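Here is the structure we will look at.
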Amino acid sequence: MAASETVEHKEFREYCRAWLQENRPAATVIPLPQAAYEVTHEDHKHYLVDWQAKCYEAGLIATDVDKIYGGHGHSGLQQIASSEVRRAKVPYFINWIGLGMAAPTLLAHGTESQKQTYLPPIFSAQEIWCQGFSEPGAGSDLVSLQTSAVKEGDNWIVNGSKVWTSLGQLAKWMLLLARTDKNDKYNGITYFVAPMDIPGVTVRPIHKMTGESGFNEVFLEDVVIPDHMRIDEVGAGWKVAMSTLTSERGAAAGVGAIASSESPYAAIETLIALAKEKQRNGRPIWDDPVWRDRLVKLYERIDAMSQNYRRAGVKELNGGAMRIPLQGKLNGSEIGQDLHQVALGMLGMEASLYVGDPNAIDDGRWALGYMNSYTGTISGGSSEIQRNILGERVLGMPKTK
Amino acid sequence: MPQPADFGFGEEQAMLKDSARRFMEDKQPLLALRKVIAGTEDPYFGKERPGSYDREAWKEMVALGWSALAVPEAAGGVGMNLVSAVAVAEEVGRAAMPTPLTSTLQTIFVLREAATAAAENWLQQISEGKSGTLALYGKDGSHELDQSDVTAVDGRLNGTSFYVQDLQKVDFLVVAAREGDTVKLYALELSAEGVQLDFDRIVDLTRDQGRVTFNNVAAECIAEDGAATLQAALPATLTLVAADMAGASEWLLQATAEYAQIRTQFDRPIGFFQAVKHPVVNMMILADQTRSLVYAAACAYDTAPATAHRAAHLAKSSASDTAEFCANRATQLHGGIGFTWEHDVQIYHKRLIHSQHLYGDGVWQREQASKYL
Ligand SMILES: Cc1cc2nc3c(=O)[nH]c(=O)nc-3n(C[C@H](O)[C@H](O)[C@H](O)COP(=O)(O)OP(=O)(O)OC[C@H]3O[C@@H](n4cnc5c(N)ncnc54)[C@H](O)[C@@H]3O)c2cc1C
């Protein structure tokens, strides 16, 4: 990233590259799901937990985190580690909510003891985390959430239900938002760490349109949470949640979360190679100007996204600290969706074939990936909500509400 | 002859369409489908998906005369035109009904265009309740009509047909086979000696598709100039799929418009927000364009064949793009719930992904239409 890479950076990059080369894990028997959002199977879980633990030990995760919290105590090296992990096309990290949301939230808002307790097993994937924000009645309008927490002595008694909880079926802990004051919409929400393996917590898997599972309904009935598992002040939950969401949308410096193995560059390069190889109507698809135009346009958008990230780091050129970072999730998810739509168009009749069909190109990954692309455009604040945020926060347009 | 302003859609067609709609609503095909596919959800860990469908409903449709709707009266059918068939196909799409009806209707028009005694015999069999489908594709899925991977020598077929629709539901096939430089059409029962069926695992839950391998199979030639016959019937082939897609797209439009009125966020029905309202309106605009082009294409085939190809390519082009947009927005605007297996939006979404590419997507259709401009 820096104008000239220091010797330390260069050495670390070379170390990461060599380590990843040597330690690339063998493929699983049944292919891994495309992203950590869809992991359900025990075998996959064990495999991915082992993999994350190894990468953590090797210093690719929590690279810049203080040693007292289980980190490796460097500074400015996480980005290098993460980019090398992406580049190596190795499996993703199963604890993406732990790494991508819980850890940054705890680092910013947790007590000393919370940080020391929860962070190390997040890094090593010994404890999986999930995010209990959304409810049946509170999706885009998260602040209208109804799950309640009532103080009883040193404990909180929680009642309500959460929905779309990714990894809920594997998680040991949940980032829980609950209402502690019915009369104050914004200041009536408190943020907790909720154990998933205690009485009163029921997890029910939901199937996605792909047929996969991976997200869940979570019912909370008289669940007892000790007060020391509250994060930040009573009533500060909304403020803390906003910082979690900023991390989720990729607009904050992370501790190494990587939820899917394939970079957009790798995806478009695979697709272009396919277009060059596949014959349609007596010539390669790549020779058809319509499809070539669409593919090159996608490449251009992916390049622009990557150069955006680069420019975001140049204060003199970035047009304001949040302008580019707040576009990241919107761009990434919509480009991913468009890329898969183009892929299906390119495949023609072969687009009908799904995972498990012997003739399906790349074992049906394009159809599967197309459907899973809606995870990106809906979750973590839909594209519509992202556009509201950009219009209001970056461009100063009037608030919808 | 000038084309009729009403597309040839008269009282008879209105009654037919109305009864088709009520019939399919009564059958609740998606509830039945969900029972059949329960437990098959997960693409890696789920059970194999059975290809079952409501055979009783099919018998009723045969009894109502729908499968033989477009079979000439001389061959024991109802003798109606493409507009009438399209009216029913649109309702099949709206209901996302698993049925061999659309394939059978397409087969009828190919047999009609073949206009041979052998073809007439197969039309007769449709009148008697048989269902059929077309086997035209080679492995690479090219939409050219002469790309079959099946060869014919002395009335014996060898090779494999790919992407055959409704293969688990139909009784007989019309197969395109290459013989030297020409393509001929053959017809045969699926139960014929030497026919091997393999079923694809496809995205679409409401239809099935498969491969048919011929091992020296004896079959009857129904058209010597197969390419010309397929080309003549192409407007019907395309328009029937497009009609099915128009029905399915309209269903998604209505479901999304309704959801936008009942789902409340920020103390408002989400349809209040223009980021929701406007795309739903755009779904309508596209769905209406498609529906108009579909009826225009059917009418052109019925009354002004010289314009039928251009009209049909435009109709299928529009249907493909409408389908892509409507499916995409319907899922997006339903939020999490529309992304679930439990919600019917996904069923329509996948049926439309399948249909979008069937017989050529928008890019392909526009390329073809350009030849008539
Ligand atoms: C695969 C997946 C995984 C998920 N994982 C998690 C998880 O782990 N934890 C968790 O807490 N949540 C999770 N979610 C939930 C996700 O955050 C919500 O689905 C999302 O916030 C949208 O809420 P909703 O589904 O209730 O849709 P709604 O809020 O009802 O939205 C429906 C539609 O209306 C639009 N809309 C709503 N309000 C406006 C407005 N003001 N202006 C314009 N358009 C608007 C939306 O953009 C959307 O298109 C997940 C969702 C998915 C799909």
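Letters go in sequence order (proteins before strands), and every chain restarts at 1. What you see is a predicted model; the values in this text were computed from it and never measured.
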Using a 3.5 Å distance criterion without hydrogens, assess whether the side chain of [X] forms a donor-acceptor pair with backbone atoms of [Y].
{"X": "B:H343", "Y": "B:F339", "result": "no"}
{"X": "B:Y163", "Y": "B:L358", "result": "no"}
{"X": "B:T331", "Y": "B:A327", "result": "yes"}
{"X": "A:S213", "Y": "A:H207", "result": "no"}

Give a yes or no on whether a salt bridge exists between [X] and [Y], defined as a side-chain N under 4.0 angstrom from a carboxylate O.
{"X": "B:R329", "Y": "A:E384", "answer": "yes"}
{"X": "A:D338", "Y": "A:K297", "answer": "no"}
{"X": "A:E135", "Y": "A:R179", "answer": "no"}
{"X": "A:D362", "Y": "A:R365", "answer": "no"}

Just give me the residue among [options] that pairs up with chain B most often, heavy atom to heavy atom, under 4.5 Å.
{"options": "A:D357, A:L347, A:N359", "answer": "A:D357"}
{"options": "A:S134, A:S144, A:G139", "answer": "A:G139"}
{"options": "A:T375, A:L344, A:N388, A:V143", "answer": "A:L344"}
{"options": "A:S382, A:G282, A:S140, A:A367", "answer": "A:S140"}
{"options": "A:A360, A:S379, A:G137", "answer": "A:G137"}

[X] versus chain A, the contacting section by heavy-atom distance below 4.5 Å:
{"X": "B:Y359", "value": "backbone"}
{"X": "B:V363", "value": "side chain"}
{"X": "B:L205", "value": "neither"}

B:Q365 versus B:S320, side-chain donor and acceptor atoms under 3.5 Å |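 The answer is no; no qualifying pair exists.
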Distance-only donor-acceptor check, side chains B:Q332 and A:T377, under 3.5 Å =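 Yes.
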Out of B:D200, B:D361, B:I347, which one racks up the most heavy-atom pairs below 4.5 Å with chain A?
->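 Sorted descending by pairs with chain A, the first entry is B:D200.
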Any idea which of B:I270, B:N328, B:D140 has the most non-hydrogen atom pairs under 4.5 angstrom with chain A?
->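 Ranked by contacts with chain A, first place is B:N328.
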Heavy-atom distance under 4.5 Å to chain B: side chain of [X], backbone, both or neither?
{"X": "A:P33", "result": "neither"}
{"X": "A:I361", "result": "neither"}
{"X": "A:V355", "result": "both"}
{"X": "A:A138", "result": "backbone"}

Among residues 349-356 of chain B, which residues come closer than 4.5 Å to chain A, judged by heavy atom distances?
->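 Residues in range: B:H349, B:K350, B:I353, B:H354.
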Residues two or more places apart in sequence or in another chain: which of them pass side-chain contact (heavy atoms from CB on, under 4.5 Å) with B:E144?
->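 A:N281, B:S142, B:D146, B:Q147, B:W364.
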